[in-house]
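Worksheet for the structure shown next.
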Amino acid sequence: MEMRQTSIHKISSCTIFVAALLFCLSFTTIEAYDSLDPTGNITIKWDVMQWTPDGYVAVVTMFNFQQYRHIQAPGWTLGWTWAKKEVIWSMVGAQTTEQGDCSKFKGNIPHCCKKDPTVVDLLPGTPYNMQIANCCRGGVINSWIQDPSTAASAFQVSVGAAGTTNKTVKVPKNFTLKAPGPGYTCGAAKIVKPTKFVTQDGRRTTQALMTWNVTCTYSQFLAQKTPTCCVSLSSFYNDTIVNCPTCTCGCQNNITNPGSCVEGDSPYLASAINGPDDTAMLWGVKYYNDLLMEAGPFGNVQSEFLFQKDPSTFTFQKGWAFPRRVYFNGDNCVMPPPDAYPWLPNTSPLSRVPSLVFPIVTFFTSLIFLLA
């Protein structure tokens with residue numbers, strides 16, 4: 001399994017623990033801030049490349065500047081509202097989900113006449129004459145740390161019934177992004193300096209006729225009402241498995257048994273990270289263990305990891321050798337309360353504890369350990 005990390009502490013003494021991630025599916029609401037990646041965002045850039053008799057041709061590129069959060073299948077869905085009565089004559093590398101009412105047009109029929117179009121990426125295997133660079137991956141975008149070369153998605157759009165100069169073009173508004181579900185909040189489009197392009201030989205620079213950016217940020221709490229994952233742990237020196245808090249991901253019987261679930265203001269959901277972000281990011285090997293293929297007891301993927309910590313900053317006091325926080329696909333997982341972890345036996349000599357940590361994890365694509 002591949003493992004990348006911002007900072008890994010060396011370990012002189014360690015522990016063996018089992019991390020079983022239990023997943024739940026739900027949906028929710030809260031502010032868009034990610035303490036693990038506070039400056040991470042998805043930036044949507046519109047570059048007007050040429051004017052047409054009744055509008056313009058633009059290349060729209062989505063850059064995933066989030067370090068740890070990717071967009072998985074079925075991919076992104078982008079929406080907006082036109083400022084005037086614009087239509088989409090044609091698209092390359094993407095398509096709208098609905099055409100809308102184009103009955104007033106004779107002869108050439110637009111690709112989409114909706115006031116609020118919804119756009120999706122094309123699928124792999126799309127004919128070459130319908131592709132542009134960074135398109136046609138089914139809306140899947142990797143995180144910036146995983147692979148910067150595939151952390152972007154693009155399409156070309158020909159807009160009609162629009163302005164034909166920098167002063168007459170009106171930027172779209174009310175941008176929405178689903179990736180693939182809720183969780184992202186998009187700001188207003190802002191006109192910025194035109195993007196510059198350097199030719200492959202590096203001897204000439206061209207630029208867009210006009211450029212505007214839209215920034216979208218993610219909130220785990222906007223994405224789902226309850227957490228999507230929790231972590232249970234155990235160690236080699238204790239046969240107790242530290243379970244997830246009761247009803248971590250929401251209870252079906254909360255109406256008949258109120259108070260049995262983790263509430264939105266639960267201390268287990270604290271998202272602030274104190275001190276430096278010492279983290280290890282891990283993801284599955286493609287086509288081997290990067291996807292959880294089915295739900296239920298047989299739906300699991302397991303891998304073993306070896307971690308090391310610096311003895312000058314790491315303590316085995318009361319057996320604490322576990323991650324302080326675990327993120328799954330960029331979401332903060334619920335952890336057991338600190339007093340629930342097994343303590344190191346008083347008779348065990350610290351110097352003889354093996355320096356191994358083997359978490360067995362169930363995951364989709366990316367898992368992050370905070371190794372504080």
Original post:
If we only count heavy atoms from C-beta on, is the Ser143 to Gln66 side-chain gap below 4.5 Å?
Top reply: no

Original post:
Taking only residues two or more places apart in sequence or in another chain, which ones pass ring-ring contact (aromatic ring centres under 6.0 Å, His included) with Trp51?
Top reply: none

Original post:
Phe197: what forms a ring-ring contact (aromatic ring centres under 6.0 Å, His included) with it, not counting sequence neighbours?
Top reply: none

**OP:** Output all residues satisfying disulfide bond (SG atoms under 2.5 Å apart) with Cys112, sequence neighbours left out; order by chain, then residue number.
**Re:** none

Subject >> Thr118 vs Asp116 side-chain heavy atoms within contact, under 4.5 Å >> reply: no

Subject >> Distance in Å, Asp121 CG paired with Thr77 OG1, rounded so as to fall on 0.5 Å steps >> reply: 10.0 Å

Original post:
With a 4.5 Å heavy-atom cut-off, do Trp82 and Pro117 have their side chains touching?
Top reply: yes

Subject >> Side chain proximity check, Arg69 to Tyr218, heavy atoms < 4.5 angstrom >> reply: yes

Original post:
How far apart are the closest heavy atoms of Ala94 and Met91, and which atoms are they?
Top reply: O-CB, 3.4 Å

Subject >> Worked verdict on Trp89 versus Tyr56 for ring-ring contact (aromatic ring centres under 6.0 Å, His included) >> reply: CA-CA 10 Å; Trp89 282 114; Tyr56 59 87; over 10 Å; no

Original post:
Any side-chain heavy atom of Val60 sitting closer than 4.5 Å to one from Val157?
Top reply: yes

Subject >> Test item: Trp212 and Val48 side chains (from C-beta on) under 4.5 Å apart, heavy atoms >> reply: yes

Subject >> Note, Phe155 side chain near Val92 side chain (heavy atom, < 4.5 Å) >> reply: no

Subject >> Close side-chain approach of Met62 to Trp76, heavy-atom, < 4.5 Å >> reply: yes

Subject >> Step-by-step side-chain contact (heavy atoms from CB on, under 4.5 Å) determination, Lys45 to Thr195 >> reply: CA-CA 9 Å; Lys45 182 165 65 75; Thr195 304; 3.4 Å; yes

**OP:** Take Trp80 and Trp46 through the test side-chain contact (heavy atoms from CB on, under 4.5 Å) and record every step on the way to the result.
**Re:** CA-CA 13 Å; Trp80 64 83; Trp46 285 59; 3.8 Å; yes

